[in-house]
Structure formats: C-alpha cells, structure tokens
Amino acid sequence: AAAIGVAIASSVATQARYNARYGLHVDAREQMQCIVHDPAHFARVLVADVRDHSTLYVEQLVGRLGMNSLKMPVWSIVLEVMLLVLIATAAAPVSFAYRLLAFAISIGTIAGILLSQYLIWSVVCGPNIEGVQGRYFLPIALVASVIVAGAGVRLTERAQAIAIDVVAVIANATALVILVQRFWL
C-alpha cells in the first residue's frame, strides 16, 4: 500500500507545477530526472539523511508537541521508546518469514517516505532530504514491531497495561509541565 501510495503521489507530483517552497528550485519532475540520471547521488543523500537524522525522527515520533517546537526531555523519549519495544518483544513470537516481510515493508516504507520528501520538498539534486518529520513514520511503527515480536520477556496483559498506564501518566504529566512552563510561566 505504501509503495502504491508513493507511486501515485510521485506521479501526481511530477505532473504538477506546484512548488510548496516558493523561492527555491523545487520541482518533482526535475528531481525524478536527477534520481534516474544519478541514482548513486540519491543513495548517498538517503544514507546521509538516515545517519544524520534518525535520532531526530525518533524524537519527533514520540516526543514533540505543538508545531514541533516543544521538546520532551530525552529521558521521557527513551522511556516511551523502551515501553514500545518492551510491548513489541512481549508479543507472541512470529515466524522468520513474517519478520523478514515486516523488515522489508518497514525499509520500503521508510525509503518511500524519504523519496517522497526528496521529490516534493527538497531542492533539485540537492544534498539533503528536507521536510521530513518523525510523525510521518507513525504508521510504520506497528509493522516494524513485528520484527522483534516475541524476542523478549513474556508479560501478562495486566503487566503490559500497568506499564502503559505508568508511562502514559509520566509522559502526560511531563508534557503538561512543559506546556505550563512554556505558555503560562
């Protein structure tokens, strides 16, 4: 579904003449030509983006508020990510084939998201993928969790529910304090 969505969006974007970044040379058709003529350049840009921004994307996935301007503390982000991994590893084990499929879908979707932003938001043949936000990866988080399903400690549903409740209370209380400090103090 993600591959079909990227293909449709890319096709529409390459046909359109709309530039969302007025004043910059952003053109999906030219960008696609750049990728086709020099795929190694795009591969380098893709690898550099993942290397340089993956931590930011995880932070934005679980720990940014407002217009992406209010940051949760690192310890809170780590706590939330640890909970997600704990719950995923406590799930029922799945076969290697399912893990491999989930891995392929996850990598393909991540690459598709990055490609779409390179096409419609980044300067033609530029050195960076611009406009990517961690929230774009939320839909793939569940599929990615299948990769580690069953690899951890088996937890009862009650223990999982308690862990989720505790982390939710801590994260929401922290967010509330940050919002109060930012807007009212």
In this structure, would Ile87 and Val78 fall into the same cluster of hydrophobic residues linked by side-chain contacts under 4.5 Å? no
Backbone N or O of Ala168 within a donor-acceptor pair of the Asn172 side chain at under 3.5 Å? yes
Using the rule that two of Ile, Leu, Val, Met, Phe, Trp, Tyr join whenever any of their side-chain heavy atoms come within less than 4.5 Å, decide whether Met72 and Val74 are in one cluster. no
Which pairs would a plain distance check flag for residues 39-53, meaning a side-chain donor or acceptor within less than 3.5 Å of a matching protein atom at least two apart in sequence or in another chain?
| residue | atom | partner | partner atom | Å |
| --- | --- | --- | --- | --- |
| His41 | NE2 | Tyr118 | OH | 3.4 |
| His41 | NE2 | Cys125 | O | 3.3 |
| His41 | NE2 | Gly126 | O | 3.1 |
| Asp49 | OD1 | His53 | ND1 | 3.0 |
| Asp49 | OD1 | Tyr57 | OH | 3.1 |
| Asp49 | OD2 | Tyr57 | OH | 2.8 |
| His53 | ND1 | Asp49 | O | 3.4 |

Flag, side chain of Gln31 to backbone of Ser122, donor-acceptor distance under 3.5 Å: yes
I'd like to check Ile105 versus Thr109 (side-chain heavy atoms, cut-off strictly below 4.5 Å). Are they in contact? yes
Is Val148 reachable from Leu101 through a run of hydrophobic residues whose side-chain heavy atoms are each under 4.5 Å from the next? no
Check step by step if side chain to side chain contact (heavy atoms under 4.5 Å, CB included) holds for Thr156 and Gln160. CA-CA 6 Å; Thr156 65; Gln160 291 180 41; over 6 Å; no
In terms of hydrophobic clusters joined by side-chain contacts under 4.5 Å, are Ile162 and Leu79 together? yes
With ring-ring contact (aromatic ring centres under 6.0 Å, His included) as the rule and sequence neighbours excluded, what pairs involving residues 78-107 come up? none
Is there a donor-acceptor contact under 3.5 Å from the side chain of Glu130 to the main chain of Trp121? no
So Glu80 and Ser76, side-chain hydrogen bond (donor to acceptor under 3.5 Å, both in side chains) or not? Walk me through it. CA-CA 6 Å; Glu80 292 175 49; Ser76 174; 3.2 Å; yes
With side chain to side chain contact (heavy atoms under 4.5 Å, CB included) as the test, would you mind laying out the steps for Leu70 and Phe183 before giving the verdict? CA-CA 11 Å; Leu70 298 177; Phe183 294 109; 3.7 Å; yes
Does CG in Leu176 sit with more than 12 non-hydrogen atoms of other residues, nucleotides or ligands closer than 6.0 Å? yes
If we only count heavy atoms from C-beta on, is the Ile147 to Ser106 side-chain gap below 4.5 Å? yes
Without swapping roles, check the side chain of Arg135 against the backbone of Val62 for a donor-acceptor pair under 3.5 Å. no
Do Leu119 and Val124 share a hydrophobic cluster, counting only Ile, Leu, Val, Met, Phe, Trp and Tyr and linking them when any side-chain heavy atoms are less than 4.5 Å apart? no
State, yes or no, whether a side-chain contact exists between Phe137 and Val132 at a heavy-atom distance under 4.5 Å. yes
Validation row: Ile178, Pro73 side chains within 4.5 angstrom (heavy atoms): yes
So Val177 and Gln181, do their side chains get closer than 4.5 Å, heavy atoms only? yes
